[in-house]
Enquirer: 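I have a structure I would like to understand better, so I am pasting it below and will then ask my questions one at a time.
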Amino acid sequence: MAEGVTPRSEDYSRWYQDIIREAELADYGPVRGTMVIRPYGYAIWENIQKALDRRFKATGHRNAYFPMFIPYSFIEKEKAHVEGFSPELALVTIGGGKELEEPLVVRPTSETIINYMFAKWVQSYRDLPLLINQWANVVRWEMRTRPFLRTLEFLWQEGHTAHATYEDAEEEALRMIELYRDFAENEGAVPVVVGRKSRIERFAGALHTYTMEAMMGDKKALQAGTSHNLGQNFAKAFGIQFLDENNELQYAWQTSWGVSTRFVGAVIMVHGDDQGLRLPPRLAPIQVVIVPIWRKDAEREAVEQAAHRICEQLENAGIRVHLDDRAEHTPGWKFNFWEMKGVPVRIEIGPRDVAKGAFVLARRDMPGKEGKTFDHPIEEAAARVGALLNEIQRNLLEQARTFRDANIHDVRTYDELREVIAAGGWALGYWAGSDDDERRVKEETGATLRCFPFEQPGEPGTCLMTGREANEVAIFAKAY
RNA sequence: CGGGGCGUAGCUCAGCCCGGUUAGAGCGCGGCGUUUGGGACGCCGAGGCCGGAGGUUCGAAUCCUCUCGCCCCGACCA
């Protein structure tokens with residue numbers, strides 16, 4: 001086991017905190033519930049940003065930036081919205097030493113201010129669709145905080161779009177949750193269940209909320225991204241109107257969707273083990289670390305020369321590589337250090353390898369010796385490493401999916417649901433219960449209705465709670 | 001907001017019960033030397049208003065009161 005890290009099996013919450021500290025992802029800020037994202041953690045976020053932003057651009061969205069301060073009156077304009085958010089608002093009441101006439105809200109999300117602006121920009125059906133994204137920080141005064149998963153301030157992207165018809169907005173909301181799924185699985189190697197939120201769980205002010213739910217290493221669910229069809233609720237509150245082809249005034253149909261720094265937490269908890277982080281190659285700030293090994297100064301030069309040659313080859317191939325040639329640490333120490341940091345591939349090269357013109361590959365997704373292969377020719381470094389990175393990316397997703405599928409259980413009755421939840425798994429069963437039935441499950445088991453998965457059996461069944469005919473299955477789980 | 005825990009060196013903590021030398025350890029940090037294929041070792045060294053304010057006492061890290069902060073667990077939430 002790694003030094004300074006509580007084993008996952010002993011105390012998962014402690015393990016999570018230990019990993020964040022030891023891998024230097026983040027540190028606690030001076031204000032309760034705040035955190036500093038350290039360079040290594042931020043580099044992961046930057047890779048998440050790049051992967052998402054590329055996809056947003058490819059689907060026609062453009063980035064913009066809206067102010068952090070929102071007039072309090074804006075928040076009050078949409079009834080469900082204000083009810084949803086008012087408990088967790090941070091208000092600014094003094095500015096420049098003077099009491100403000102109207103308090104300012106530090107944005108908990110930007111629907112209101114963005115839609116205020118949209119109302120100015122949208123006049124005609126020709127202005128639609130309006131497809132905007134912003135990268136920003138938001139503030140929600142949470143009671144219970146955890147690094148990355150829930151902090152008073154967090155970073156995210158929030159997409160906001162306006163469309164001419166309900167169908168267009170619905171299509172957009174679905175397109176974006178699918179985009180998120182593709183991102184989560186193909187970049188983060190995080191398998192997700194995509195589906196629709198229940199009335200109770202959906203976003204304050206939305207018609208439909210779509211979600212992707214991921215299973216963490218302790219089998220708790222994490223909402224890793226959401227996409228909302230907002231209908232015309234905000235358009236009506238903010239007067240976003242346009243003239244259609246028939247010269248008739250219509251309210252716009254809207255969506256919003258977001259993924260946050262919480263996703264970093266998902267990557268930690270889906271892949272991490274008792275040795276530390278395990279990063280999917282596509283999000284890893286460093287994909288390959290080279291550890292040169294030598295005893296005597298006489299050996300040093302030849303080894304480091306070979307190490308540099310490999311390093312250069314990998315760089316030229318576009319691989320993010322780091323050569324750890326520090327003299328103050330032993331190879332063994334470096335192995336542990338970079339394993340803690342979750343670097344997917346390690347190259348070891350010592351005198352014996354140099355003599356053969358070869359190097360050793362060690363993969364982070366397999367423990368110890370099992371993950372080591374020998375005698376890779378130096379000239380083939382780029383090809384060998386490239387292939388291994390792809391293999392690791394694939395394998396991490398596979399491992400996570402196997403774990404998840406083994407812990408989702410079909411249930412037919414409420415008793416079965418209780419059993420599954422008590423054992424810590426996810427319960428999948430037919431559901432046609434009321435809002436109160438859903439609340440009862442939460443009260444009695446601690447589990448919430450995570451979503452009605454898009455993937456359905458295709459035939460009706462019997463509701464586990466009411467015994468009535470149900471058209472859909474739902475997933476219940478304890479969640480972060 | 002309830003319940004629990006913790007504030008002593010950069011970090012993790014001991015010391016506190018039962019007040020009394022110059023406040024300690026491990027890790028980390030700096031220097032020198034030996035080392036380096038899975039967390040090396042020796043020697044030397046730097047580093048503390050013991051969270052804050054009151055009080056008790058000849059004397060407080062230690063006892064009392066108040067306060068501030070952080071963490072964990074629960075109720076609300078991306």
Side-chain angles (χ1 to χ4, degrees), chain A residues 1-6 11-14 16-18 21-22 24 27-35 83-89 108-109 137-158 180 197 200-201 203-204 209 211-214 221-228 256-266 275-276 291-297 299-300 303 324-340 346-354 359-360 362 367-369 371-372 374 442-443 446 448 478-480:
Chain A
M1 195 237 317
E3 277 178 26
V5 175
T6 308
D11 185 338
Y12 196 81
S13 178
R14 278 270 294 282
Y16 178 72
Q17 296 171 66
D18 291 346
R21 185 187 62 249
E22 293 294 316
E24 301 175 304
D27 206 344
Y28 295 103
V31 174
R32 176 196 74 85
T34 63
M35 93 180 159
E83 279 171 9
F85 279 108
S86 60
E88 53 193 53
L89 293 180
T109 177
N137 59 339
V138 288
V139 169
R140 299 181 185 178
W141 217 261
E142 304 288 352
M143 310 191 224
R144 177 96 167 76
T145 60
R146 286 165 192 272
F148 290 111
L149 302 182
R150 178 164 299 106
T151 46
L152 294 196
E153 178 189 4
F154 59 93
L155 305 181
W156 74 349
Q157 56 71 216
E158 46 179 325
Y180 284 159
K197 284 289 186 188
I200 288 180
E201 296 285 334
F203 178 72
T209 287
T211 178
M212 57 173 177
E213 301 284 325
L222 184 77
Q223 181 176 306
T226 51
S227 176
H228 316 289
S256 69
W257 26 273
V259 161
S260 74
T261 37
R262 168 179 269 193
F263 198 84
V264 177
Q275 314 307 318
V291 178
I293 298 162
W294 45 270
R295 286 172 195 275
K296 311 178 197 84
D297 278 344
E299 295 167 339
R300 181 173 182 172
V303 167
D324 187 354
D325 57 2
R326 289 178 290 181
E328 65 265 33
H329 292 297
T330 62
W333 188 94
K334 291 176 187 175
F335 295 170
N336 286 285
F337 177 83
W338 292 110
E339 281 170 9
M340 177 61 66
R346 178 178 67 241
I347 288 177
E348 304 171 13
I349 181 156
R352 296 205 294 267
D353 306 298
V354 172
F359 61 87
V360 176
K369 277 218 173 88
K372 283 196 192 188
F374 301 86
K442 184 178 180 184
E443 236 168 76
T448 47
K478 289 188 181 168
Y480 278 101

Enquirer: Under the ring-ring contact (aromatic ring centres under 6.0 Å, His included) test, which residues partner Phe335(A), sequence neighbours left out?
Expert: none
Enquirer: Looking for any heavy atom pair under 4.0 Å, which part of the strands does Gln223(A) touch: base, sugar-phosphate only, or nothing?
Expert: sugar-phosphate
Enquirer: Taking atom P of A75(B) as reference, at what distance in whole Å does atom CD of Glu443(A) sit?
Expert: 11 Å
Enquirer: Could you list all N or O pairs between the protein and nucleotides 34-36 of chain B that sit under 3.5 Å apart?
Expert:
unit_1: U36(B); atom_1: OP1; unit_2: Arg295(A); atom_2: NH1; d: 2.7
unit_1: U36(B); atom_1: O2'; unit_2: Trp294(A); atom_2: O; d: 3.1

Enquirer: Mind checking what makes salt bridge (charged side-chain N to carboxylate O under 4.0 Å, His left out) contact with Glu339(A), not counting sequence neighbours?
Expert: Arg346(A)
Enquirer: For a 4.5 angstrom cut-off between non-hydrogen side-chain atoms, does Trp257(A) reach Thr226(A)?
Expert: no
Enquirer: Without decimals, in angstroms, what is the distance between Asn336(A) CG and G39(B) C1'?
Expert: 5 Å
Enquirer: Partner lookup for U21(B), please. Criteria are Watson-Crick or G-U wobble with both distances under 3.5 angstrom; report none if nothing qualifies.
Expert: none
Enquirer: A78(B), C72(B), C70(B): which one has an atom nearest the side-chain heavy atoms of Ser13(A)?
Expert: C72(B)
Enquirer: Tell me every residue that passes ring-ring contact (aromatic ring centres under 6.0 Å, His included) with Tyr480(A), counting only those two or more places apart in sequence or in another chain.
Expert: none
Enquirer: Rounded to whole angstrom, note down the C1' distance from C71(B) over to G33(B).
Expert: 43 Å
Enquirer: Quantified in whole Å, what is the C1' atom distance between nucleotide U56(B) and nucleotide C66(B)?
Expert: 15 Å
Enquirer: Trp333(A) CH2 to G28(B) C1': how many Å, rounded?
Expert: 11 Å
Enquirer: Given atom CZ of Arg346(A) and atom P of G39(B), what is their separation to the nearest angstrom?
Expert: 12 Å
Enquirer: Hey, which of these two, Leu155(A) or Gly446(A), hits RNA chain B nearer its 5' end, going by closest nucleotide?
Expert: Gly446(A)
Enquirer: Hey, can you tell me if His228(A) and Phe203(A) have their rings parallel, tilted or perpendicular (30° and 60° cut-offs)?
Expert: parallel
Enquirer: Using atom names, set out every protein N or O paired with an N or O of nucleotides 1-8 of chain B below 3.5 Å, distance rounded to 0.1 Å.
Expert:
none

Enquirer: Under 4.0 Å between a side-chain N/O of Gln17(A) and OP1 or OP2 of C71(B), yes or no?
Expert: no
Enquirer: Give a yes or no on whether the backbone of Gly225(A) and the side-chain of Arg262(A) come within a donor-acceptor separation of less than 3.5 Å.
Expert: no
Enquirer: The criterion is ring-ring contact (aromatic ring centres under 6.0 Å, His included); which residues satisfy it with Phe337(A), sequence neighbours excluded?
Expert: Trp333(A)
Enquirer: For the side chain of Tyr28(A), starting at C-beta, report the closest nucleotide among A78(B), G38(B), C72(B).
Expert: C72(B)
Enquirer: Whole angstrom is fine here: how far is it from CG in Asp18(A) over to P in U12(B)?
Expert: 11 Å
Enquirer: Quick one: Leu89(A) CG to A78(B) P, roughly how many Å, whole number?
Expert: 14 Å
Enquirer: Send over the distance from Lys442(A) NZ to A75(B) P, rounded to a whole Å.
Expert: 7 Å
Enquirer: Nearest to the side chain of Val360(A), which nucleotide is it out of G37(B), A40(B), A78(B)?
Expert: G37(B)
Enquirer: Heavy atoms under 4.0 Å, any strand shown: does Leu149(A) hit a base, just sugar-phosphate, or nothing?
Expert: base
Enquirer: Residues two or more places apart in sequence or in another chain: which of them pass ring-ring contact (aromatic ring centres under 6.0 Å, His included) with Phe263(A)?
Expert: Phe183(A)
Enquirer: According to side-chain contact (heavy atoms from CB on, under 4.5 Å), who are the partners of Ala221(A), at least two apart in sequence or on a separate chain?
Expert: Glu213(A), Trp426(A), Arg450(A), Ala477(A), Ala479(A)
Enquirer: Please name all residues satisfying side-chain contact (heavy atoms from CB on, under 4.5 Å) with Asp11(A), sequence neighbours left out, ordered by chain then number.
Expert: Thr6(A), Ser13(A), Arg14(A)
Enquirer: Looking only at side-chain N and O atoms, does Lys372(A) come under 4.0 Å of OP1 or OP2 in G37(B)?
Expert: no
Enquirer: Grab the CD1-P distance between Ile349(A) and G38(B) for me, whole Å please.
Expert: 16 Å
